[in-house]
2 protein chains.
Amino acid sequence: MASETAKESHGSAHRRPIVRAFELLGQRWTLRILWELRDERLTFRALRARCGEVSPTVLNRRLKELRANAILDHDEAGYGLTECGQELGRHLLALNDWARRWAEQLGTDREA
Amino acid sequence: MASETAKESHGSAHRRPIVRAFELLGQRWTLRILWELRDERLTFRALRARCGEVSPTVLNRRLKELRANAILDHDEAGYGLTECGQELGRHLLALNDWARRWAEQLGTDREA
DNA sequence: TTATCATGCTACTAATTGTGTAGCGTCAAG
DNA sequence: CTTGACGCTACACAATTAGTAGCATGATAA
């Protein structure tokens, strides 16, 4: 069970997909960006507005990275999820249900 | 379909749960920590080793935050997921499948 | 033509956050 | 009483993000 430990050289190339995914998604704004694009294309500025006027510096950096990873693409209509990105989007949608229950639980814990 | 737009006052208190979740999960190491704890309890030091010797400063900060949000708890056996955290863990497991397909696709795209 | 406006995006500084290493206080074992 | 592991803090340095200004481009309109 601990046989994986050896593989865990934190080089860069052959890191497990899930870990690479976490590195990508675990950056500020990445999840939010995907969420806002979950069912519509948005222009740079519209997307920025949805994210509470994030710094364009970061937004652009994320967008580039996400495009490089084939999760987003860009056309005249703006930014949007690729097919692969949409699959990811569906997972986020599932997370939404979890989040609601989570928030509810936290709320009741604290009010009582 | 765009009827949600109005709700998007980016105040702070009544932010949608999913957005709060993204703020929490979208911090460096948070997803990874949850992943490493997905099916076993780990001590601080063991967990740190699993995460490639993250700085204990950040690790401890995340652990505190996650505990404050009832996603983790801590006992003599170390850190582990709460019931709520385990549900989240299951979502991450699902993400694992996505990540594999994603990596595969990226790989073939580039080799060709 | 010139003015207006929105678009995507870059530049630059300040503030926040993360990294890396050392090490403290506590405990159990030798 | 040394040794080692534990959870964790301190602190200086590096990297990332925030916040704002503004440019180049293209469309619209006077």
Side-chain angles (χ1 to χ4, degrees), chain A residues 2 5 8-12 15 19-37 40-69 71-82 85, chain B residues 2 5 8-12 15 19-37 40-69 71-82 85:
Chain A
T5 326
E8 194 61 26
S9 64
H10 45 282
S12 59
R15 201 126 72 277
V19 171
R20 300 233 311 130
F22 287 159
E23 284 171 5
L24 193 58
L25 302 176
Q27 281 183 297
R28 208 161 280 160
W29 295 111
T30 305
L31 288 167
R32 177 68 175 270
I33 289 169
L34 296 176
W35 177 253
E36 298 298 343
L37 293 175
E40 55 182 332
R41 291 195 154 260
L42 290 173
T43 65
F44 185 93
R45 276 162 123 109
L47 183 53
R48 188 175 171 226
R50 293 294 191 90
C51 295
E53 302 297 333
V54 215
S55 156
T57 317
V58 198
L59 181 55
N60 189 42
R61 194 181 306 156
R62 294 291 178 272
L63 257 13
K64 263 182 190 155
E65 206 171 353
L66 256 10
R67 270 190 289 173
N69 282 283
I71 290 171
L72 294 188
D73 55 18
H74 188 210
D75 61 18
E76 346 74 56
Y79 289 93
L81 302 173
T82 60
Chain B
T5 326
E8 192 58 25
S9 63
H10 43 279
S12 60
R15 199 129 71 274
V19 172
R20 299 235 310 130
F22 287 159
E23 285 171 4
L24 193 58
L25 302 176
Q27 283 185 296
R28 206 163 281 160
W29 296 112
T30 306
L31 287 167
R32 176 68 175 270
I33 289 169
L34 296 176
W35 177 255
E36 298 298 343
L37 294 173
E40 55 183 330
R41 293 198 150 257
L42 292 173
T43 64
F44 185 93
R45 279 163 121 109
L47 182 52
R48 190 178 169 223
R50 293 294 190 92
C51 296
E53 303 297 335
V54 216
S55 155
T57 318
V58 199
L59 180 55
N60 189 41
R61 195 182 306 158
R62 294 289 178 273
L63 256 14
K64 262 183 190 156
E65 205 171 353
L66 256 8
R67 269 191 288 174
N69 282 283
I71 289 172
L72 294 187
D73 55 19
H74 188 210
D75 61 18
E76 345 75 56
Y79 289 94
L81 301 173
T82 60

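Sequence lines set the chain letters: A, B, ... in the order given, protein chains first and strands last, and positions in each chain run from 1.
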Q: List the residues meeting salt bridge (charged side-chain N to carboxylate O under 4.0 Å, His left out) with A/Arg48, not counting sequence neighbours, and say none if there are none.
A: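 Listed in chain order: A/Glu53.
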Q: Going 5' to 3' on DNA chain D, which nucleotide is the first and which the last to come under 4.0 Å of a heavy atom in chain B?
A: D/dC6 to D/dT16
Q: Quick one: list whatever passes side chain to side chain donor-acceptor pair (under 3.5 Å) with A/Asn60, sequence neighbours left out.
A: none
Q: Can you list the residues that meet the side-chain contact (heavy atoms from CB on, under 4.5 Å) rule with A/Glu23, with sequence neighbours excluded?
A: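 A/Glu23 satisfies side-chain contact (heavy atoms from CB on, under 4.5 Å) with A/Arg15, A/Val19 once adjacent residues are dropped.
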Q: Mind checking if B/Val58 touches a base, just sugar-phosphate, or nothing, with heavy atoms under 4.0 Å?
A: base
Q: Using salt bridge (charged side-chain N to carboxylate O under 4.0 Å, His left out) as the criterion, list what pairs up with A/Glu65, not counting sequence neighbours.
A: none
Q: Mind checking what makes side-chain contact (heavy atoms from CB on, under 4.5 Å) contact with A/Arg61, not counting sequence neighbours?
A: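 side-chain contact (heavy atoms from CB on, under 4.5 Å) list for A/Arg61, sorted by chain: A/Thr57.
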Q: Please work out which of the three classes, parallel, tilted or perpendicular, describes the rings of A/Phe22 and B/Trp35, given edges at 30° and 60°.
A: perpendicular
Q: Tell me every residue that passes ring pair (Phe, Tyr, Trp, His ring centres under 6.0 Å) with A/Trp29, counting only those two or more places apart in sequence or in another chain.
A: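 A/Trp29 satisfies ring pair (Phe, Tyr, Trp, His ring centres under 6.0 Å) with no residue once adjacent residues are dropped.
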Q: Would you mind building the protein contact string for nucleotides 4-17 of chain C? One character per nucleotide, 5' to 3', B for base within reach (heavy atoms under 4.0 Å), S for sugar-phosphate only, - for untouched.
A: ---BBBBBB----S
Q: Restricting to side chain to side chain donor-acceptor pair (under 3.5 Å), what partner residues turn up for A/Arg41, sequence neighbours left out?
A: A/Asp73, A/Asp75
